[in-house]
Amino acid sequence: MHNIEVKASSGSYPIYIKNGLLGEIGVEIKKIYKGSRIAVVTDSNVDEFYGQKTINSLKESGFETFKIVVKAGEESKSFKTLLEVYDKLLDFKINRGDIIIALGGGVVGDMAGFAASTFLRGISLIQIPTTLLAQVDSSVGGKVAVDLPRGKNLVGSFYMPKAVFIDPLLLRTLNDKYLNDGMGEVIKYGAIKDSELFNTLMKYENKEALLSQIDKIIFTCCSIKANIVELDEKDTGERMLLNYGHTIGHAIEQFFNFTKYSHGEAVAMGMYSITKLGEELGLTKIGTSIAIKDILIKYNLPWELPEIRTQAIIETISHDKKNIGGSMNLILIESIGNSFIEKIDKTKIENYLHKIIK
Ligand SMILES: NC(=O)c1ccc[n+]([C@@H]2O[C@H](COP(=O)([O-])OP(=O)(O)OC[C@H]3O[C@@H](n4cnc5c(N)ncnc54)[C@H](O)[C@@H]3O)[C@@H](O)[C@H]2O)c1
């Protein structure tokens with residue numbers, strides 16, 4: 001088992017990573033939770049694959065369990081679903097001494113995490129992430145949220161889990177679209193902090209080769225994220241490095257109303273274009289954008305920006321919270337594995353975007 005301890009101001013919490021961990025989840029939770037009642041929140045797809053297995057393991061360890069299944073998909077990260085979840089928690093008479101398990105991808109993690117952070121002013125939360133994105137990113141760092149009709153993640157909080165249990169074998173049932181999507185984030189970690197990870201990712205010949213090593217990759221990514229989050233829990237400095245590729249990526253997602261491109265795909269295009277900009281500004285080693293492009297192609301992720309109104313992208317970027325006056329903080333890489341934050345004049349960004357967008 002790989003262990004990572006994430007130090008947070010509210011206390012530290014462990015991330016456990018082990019193939020087959022879900023089958024032993026009852027025994028593992030027994031070691032860290034002395035109560036007897038557990039509410040498991042999951043989505044309809046994950047429930048089909050892993051709902052019963054989770055409940056069985058918890059029951060074998062003597063826990064009384066309650067299962068709440070929401071519809072799979074981003075639309076469940078809503079107040080409507082949240083109210084349904086609160087309602088079930090009340091039906092089950094869940095109280096502050098009990099725990100909530102979020103079993104699922106980023107949607108369940110964020111929504112059930114927000115439910116845990118708010119129900120009865122906060123109930124202990126355990127994350128069992130089941131997508132690659134959730135295993136390397138959303139389950140680590142304590143950000144939980146729901147969407148509003150006017151935008152994603154607009155209501156949320158920072159709420160550290162009691163523990164995160166990662167079973168990489170769960171990724172075997174994930175379809176390729178979501179696996180590639182998560183690889184976008186994995187590639188990001190290599191690009192911003194770890195050239196060795198980046199080079200290793202370039203070497204895998206096929207999906208099987210990748211999956212055979214995915215536990216180690218997840219460990220590396222979680223370690224990078226944990227280090228960054230420890231330095232900057234509330235997202236005001238160092239944590240911004242995690243947004244590499246996200247400024248332009250978010251603008252693309254938003255422009256297409258979150259329908260055309262997945263998060264990983266949008267970030268992929270964002271990583272390539274921002275690296276190319278870095279090269280043009282003389283801040284990034286020439287050839288770095290080609291390395292990014294090559295790895296994105298290898299993992300079936302797009303790199304070239306789509307046809308899009310340049311002005312719309314510029315406006316979205318300008319409204320981004322990282323924007324300050326006539327310049328913007330952008331996350332650039334000097335070379336693979338070395339990232340930094342740079343304040344860049346907005347007109348330079350605009351000129352560049354006009355040049356590269358069709
Ligand atoms: N909190 C954070 O720091 C953070 C960071 C990044 C993204 N997010 C959020 O994460 C969400 C996206 O998460 P996601 O990409 O995991 O999407 P998701 O949770 O919708 O999962 C993707 C799909 O895969 C299915 N699935 C999940 N695990 C499976 C498995 N093991 N086998 C088969 N199918 C499985 C789900 O049912 C769903 O249909 C977004 O809402 C985003 O805002 C949060």
Side-chain angles (χ1 to χ4, degrees), residues 6 8 15 19-22 41-51 53-54 69-78 81-82 102-117 125 127-148 151-161 164-186 188-189 211 214 218 221-222 225-226 228-229 232-235 239-240 242-246 249-250 253-254 258 261-267 301:
V6 188
I15 303 173
N19 287 328
L21 189 55
L22 192 67
V41 183
T42 190
D43 77 21
S44 44
N45 292 337
V46 178
D47 183 41
E48 230 165 84
F49 288 113
Y50 306 111
K53 187 171 180 175
T54 308
V69 183
V70 303
K71 201 169 146 230
E74 182 74 26
E75 61 273 29
S76 284
K77 239 177 87 171
S78 63
T81 308
L82 194 60
L103 172 71
V107 165
V108 167
D110 279 11
M111 186 275 296
F114 185 67
S117 84
L125 168 71
Q127 294 271 12
I128 307 182
T130 64
T131 61
L132 182 56
L133 179 107
Q135 296 190 343
V136 298
D137 188 3
S138 60
S139 68
V140 183
K143 282 189 186 175
V144 293
V146 291
D147 304 332
L148 289 180
K152 262 173 70 72
N153 296 324
L154 289 180
V155 178
S157 60
F158 287 92
Y159 194 64
M160 301 303 156
V164 182
F165 291 94
I166 299 178
D167 182 349
L169 290 186
L170 307 188
L171 302 180
R172 299 264 164 186
T173 52
L174 195 62
N175 75 31
D176 287 355
K177 176 181 156 60
Y178 290 111
L179 190 69
N180 292 336
D181 195 44
M183 283 309 294
E185 292 293 340
V186 173
K188 178 195 79 180
Y189 286 115
L211 285 182
I214 199 82
I218 293 167
C221 295
C222 288
K225 181 153 184 187
I228 292 180
V229 169
D232 179 19
E233 209 174 298
K234 290 279 155 82
D235 203 0
R239 196 163 175 164
M240 277 165 58
L242 295 168
N243 288 332
Y244 169 62
H246 284 57
H250 279 157
E253 279 184 290
Q254 214 161 314
F258 297 91
Y261 297 102
S262 69
H263 180 68
E265 287 170 339
V267 168
L301 288 161

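Counting convention: from 1, in listed order, for ligands and their atoms alike.
Here Glu74 pairs with Lys152 in a salt bridge; the nearest charged N to carboxylate O distance falls below 4.0 Å.
Within the 3.5 Å criterion, the main-chain N or O of Asn153 finds a donor-acceptor partner in the side chain of Asp147.
Within 6.0 Å of CD in Glu48 there are 12 or fewer heavy atoms belonging to other residues, nucleotides or ligands.
Here is the list of ligand 1 atoms found below 4.0 Å of a heavy atom in Tyr50: 31 (N). Set against the non-hydrogen atoms of Lys152, the atoms of ligand 1 under 4.0 Å away are 40 (C), 41 (O), 42 (C), 43 (O). Atoms of ligand 1 lying under 4.0 Å from any heavy atom of Asp43, numbered from 1 in the order shown and given with element: 36 (C), 37 (O). Ligand 1 places these atoms under 4.0 Å from at least one heavy atom of Lys77: 9 (C), 40 (C), 41 (O), 42 (C), 43 (O). Atoms of ligand 1 found under 4.0 Å from any heavy atom of Thr173 (numbered from 1 in listed order, with element): 30 (C), 31 (N), 32 (N), 33 (C). Taking a cut-off of under 4.0 Å to the non-hydrogen atoms of Asn153, the atoms of ligand 1 that pass are 43 (O). Of all atoms in ligand 1, numbered sequentially from 1 with element shown, those under 4.0 Å from a heavy atom of Phe49 are 33 (C).
Among protein heavy atoms, atom 29 (C) of ligand 1 sits closest to Leu174 CD1, 3.6 Å. Scanning the protein heavy atoms around atom 22 (C) of ligand 1, the nearest turns out to be Tyr178 CE2, 3.5 Å. In terms of protein heavy-atom proximity, atom 39 (O) of ligand 1 is closest to Asn45 ND2, 3.0 Å. With hydrogens left out, the protein atom closest to atom 4 (C) of ligand 1 is Ser138 CB, 3.2 Å, a heavy atom. Atom 7 (C) of ligand 1 has as its closest protein heavy atom Leu133 CD2, 3.6 Å. The single protein non-hydrogen atom nearest to atom 28 (N) of ligand 1 is Thr130 OG1, 2.7 Å, given as residue, atom name and distance. Among protein heavy atoms, the minimum distance from atom 44 (C) of ligand 1 is reached at Asp110 OD2, 3.1 Å. When hydrogens are left out, the protein atom nearest atom 16 (O) of ligand 1 is Thr131 OG1, 2.6 Å; that is the closest non-hydrogen contact.
Defined by atom type and a distance below 3.5 Å, a donor-acceptor pair is missing between the side-chain atoms of Tyr50 and Thr42.
The CD1 atom of Ile166 sits 11.0 Å away from the OG1 atom of Thr130 when rounded to the nearest 0.5 Å. Note that the NZ atom of Lys53 and the CG atom of Leu103 stand 11.0 Å from one another [nearest 0.5 Å].
By the 3.5 Å distance cut-off applied to N or O atoms, Lys143 is counted among the residues near ligand 1. Any N or O atom pair closer than 3.5 Å counts here, and Asp137 shares no such pair with ligand 1. Between Leu170 and ligand 1, at least one N/O pair is under 3.5 Å apart. Some N or O of Gly106 is nearer than 3.5 Å to an N or O of ligand 1, by distance alone. Below 3.5 Å of separation, one finds an N or O of Val107 facing an N or O of ligand 1. Between Glu74 and ligand 1, at least one N/O pair is under 3.5 Å apart.
Side-chain contact between Pro129 and Val164: present, with at least one pair of heavy atoms (C-beta onward) separated by less than 4.5 Å.
Closest approach of Tyr189 to Lys225, counting heavy atoms only: OH-CD, 3.3 Å. Residue Arg239 comes nearest to Phe158 through the heavy atom pair NH1-CE2, 4.0 Å, listed as atom of the first residue, atom of the second, then distance. Residues Asn45 and Ala72 approach most closely at ND2-CB, 3.4 Å, considering heavy atoms. The two residues Asp181 and Ser262 come nearest to each other via the heavy atoms OD1-OG, 2.6 Å. Nearest heavy-atom pair across Gly20 and Asp167 is N-OD1, 2.9 Å.
Relative orientation of the His246 and His263 rings is perpendicular, given thresholds of 30° and 60° on the angle between their planes.
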